[in-house]
Amino acid sequence: MVALFSRLRTARGQSNPLPFYRKLRAMGEVVPAPWGGHLATSYRLCHRVLRSRDWLVPDTSWRTGQSDAARWSTPASRQMGGTMPMLNPPHHTQMRRPLGNVFDRASLEDMRHAVEKNTERLLGDLTEQLRDGSADFCALVGDELPVITIGEWLGLPSADYPLLRSLTHDQVHTQELFPSPSQLAVSDAATHRLREYFTGLIRERRKSPGDDPVSSWIRTWDVLEADRDAADEAVFSLALFMVLAALETTSHLLTSMVWLLLEHPRQLDWLRVHPERIPGAIDETLRYDAPIHMISRVAAEDTELAGVDVRKGEMVQLMVGAAHHDPAQYADPDVFDIRRKAPHLSFGGGIHYCLGNALARMEATCVLSSLLRRLPCLRIAGDPVWAPRVAFRRLMELPVVQA
């Protein structure tokens, strides 16, 4: 199994992980991981664990109790342990409840015009480059729209967007399955710079508050927390979480969606005639190639999973990428079919269901709607380039051309 994961984490393995997932599922619904803990490979079990309160996320207390200090006690890992996706009740409830539904229908409608305008501008830049030959959709659109969207929402200077995008790409190493020492060092350095950036932002917003989310969070946490440093730490964790969650995953969704549709031109042509089915195309992209292919959970107590004993504190890696191609859940699971109406786990489940799912869908809808209208003859111009990862998918380059 170590050899299987070693191949899976290469750029070549990531270009088509489905054969690896078939081998993994053939080993069983729950299989022991060579590095400790277990792997869950079926949709049934992944769905069950994600929705159950009997399973916890690996928070700071869990991380500090692990023997592999080089992996779990690095600055980047400790910082991730303090963000909302890595908090368990009651700490998760204390952080989540004051936040409310930040991307409710009214908020999204307020953001929609800006997202549509930015999408049009980015696709205009892409169109200009296509006049001279091929262009990289990921660099010009997929990587750009998410950072612009979240940056404008938070009220950040546009000159800072390239830095935040770069730091986010570097920080994600700590969330991978087998980060090397050098990758952990890169992640630690990125985490340090992100702390400096958002600490400075909070200091600035305290001096000159506005109607932006960061200023609002400062006002909220000043009421909830008498200790100013603790309040600032809560605001920092929220700001960091919003940027880390919004950039990497949405970028992959946008680029993967365009890649898959260009790989299936008949479906793309059908979608151009039936634009009302765009939401279904987005959902099928999320099923077929989710931004996150592996999610970690920890047993709250001694329990069993599909007849396998799991001890309290033992980790189970939910292989969501494999679960999304489970033939027990989906007919012809390895076929990309935008007419498919099927559930998926790309936004997680339970109390950790993705806070920004509606925003990600809106960005994808804007991109696909504009692309169908503006670039009817878009084609793939070369092989896509994938990041050598396991948990967090990243389509790094997507060369396209106007046929």
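Values below: every heavy atom of this structure, side chains too, minus hydrogens, waters and symmetry copies.
To the nearest 0.5 Å, atoms OG (Ser256) and CZ (Arg394) are separated by 13.5 Å. From Asp289, atom CG reaches atom NE2 of His252 across 3.5 Å, with rounding to the nearest 0.5 Å. A distance of 12.5 Å separates CZ of Arg121 from OG of Ser370, quoted to the nearest 0.5 Å.
Side chain to side chain, Arg63 and Ser77 meet the donor-acceptor criterion of an N or O pair below 3.5 Å. A donor-acceptor contact closer than 3.5 angstrom is absent between the side chains of Gln317 and His38. For the residue pair Thr191 / Gln79, no side-chain donor-acceptor distance below 3.5 Å is found, with atom types taken as modelled.
Pairs of residues two or more places apart, or lying in two chains, that qualify as salt bridge (Lys or Arg N to Asp or Glu O under 4.0 Å) and include a residue from residues 4-22 are Arg22-Asp334. Each ring pair (Phe, Tyr, Trp, His ring centres under 6.0 Å) pair with one or both residues in residues 365-391, not counting sequence neighbours, appears once here: Trp259-Trp386. Within the structure, no pair that satisfies the ring pair (Phe, Tyr, Trp, His ring centres under 6.0 Å) test touches residues 353-380, not counting sequence neighbours. The ring pair (Phe, Tyr, Trp, His ring centres under 6.0 Å) analysis of residues 84-121, with sequence neighbours excluded, yields the pairs His92-His352, Phe103-Trp153.
With sequence neighbours left out, the side chain to side chain contact (heavy atoms under 4.5 Å, CB included) criterion links Ala358 to Leu108. Take Ser42 and apply the side chain to side chain contact (heavy atoms under 4.5 Å, CB included) test, not counting sequence neighbours, and it matches Glu29, Arg44, Leu45, Asp326. Annotation: ring pair (Phe, Tyr, Trp, His ring centres under 6.0 Å) contacts of His325 (sequence neighbours excluded): Tyr288. With sequence neighbours excluded, the residues forming a side chain to side chain contact (heavy atoms under 4.5 Å, CB included) with Leu355 are Met84, Arg96, Leu99, Val102, Phe241, Met242, listed by chain and number. Annotation: side chain to side chain contact (heavy atoms under 4.5 Å, CB included) contacts of Ala135 (sequence neighbours excluded): Leu126, Gln129, Leu130, Leu140. Listed by chain and residue number, nothing satisfies the salt bridge (Lys or Arg N to Asp or Glu O under 4.0 Å) test with Arg78 (two or more places apart in sequence, or in another chain).
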Less than 3.5 Å apart, which donor and acceptor atoms pair up between the side chains of residues 299-308 and the rest of the protein, not counting sequence neighbours?
from, atom 1, to, atom 2, distance (Å)
Asp302, OD1, Lys312, N, 2.7
Glu304, OE1, Ala306, N, 3.4
Glu304, OE1, Gly307, N, 2.7

Show me, pair by pair, the donor-acceptor contacts under 3.5 angstrom made by side chains of residues 372-382, not counting sequence neighbours?
from, atom 1, to, atom 2, distance (Å)
Arg373, NH2, Glu120, OE2, 2.5
Arg374, NH1, Glu120, O, 3.0
Arg374, NH1, Glu120, OE1, 2.8

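Here the shortest heavy-atom pairing between Gln14 and Leu8 reads NE2-O, 2.9 Å. The nearest pair of heavy atoms linking Pro327 to Arg25 is CD-NE, 3.7 Å.
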Between Tyr330 and His324, does the side-chain hydrogen bond (donor to acceptor under 3.5 Å, both in side chains) criterion hold? Intermediate values first, please.
CA-CA 8 Å; Tyr330 305 101; His324 280 158; 4.6 Å; no
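In summary, the aromatic rings of Phe236 and Trp217 are positioned with their centroids too far apart to meet the 6.0 Å limit.
The aromatic rings of His47 and Tyr43 lie parallel to each other, with less than 30° between the two planes, well short of the 60° mark.
Side-chain atoms of Leu122 and Thr119, non-hydrogen and from C-beta on, never get closer than 4.5 Å to each other.
For the pairing with Asp283, the salt bridge (charged side-chain N to carboxylate O under 4.0 Å, His left out) check across Arg361, Arg339, Arg277 returns one residue only, Arg361.
Other residues, nucleotides and ligands contribute more than 12 heavy atoms inside 6.0 Å of the CZ atom of Arg206.
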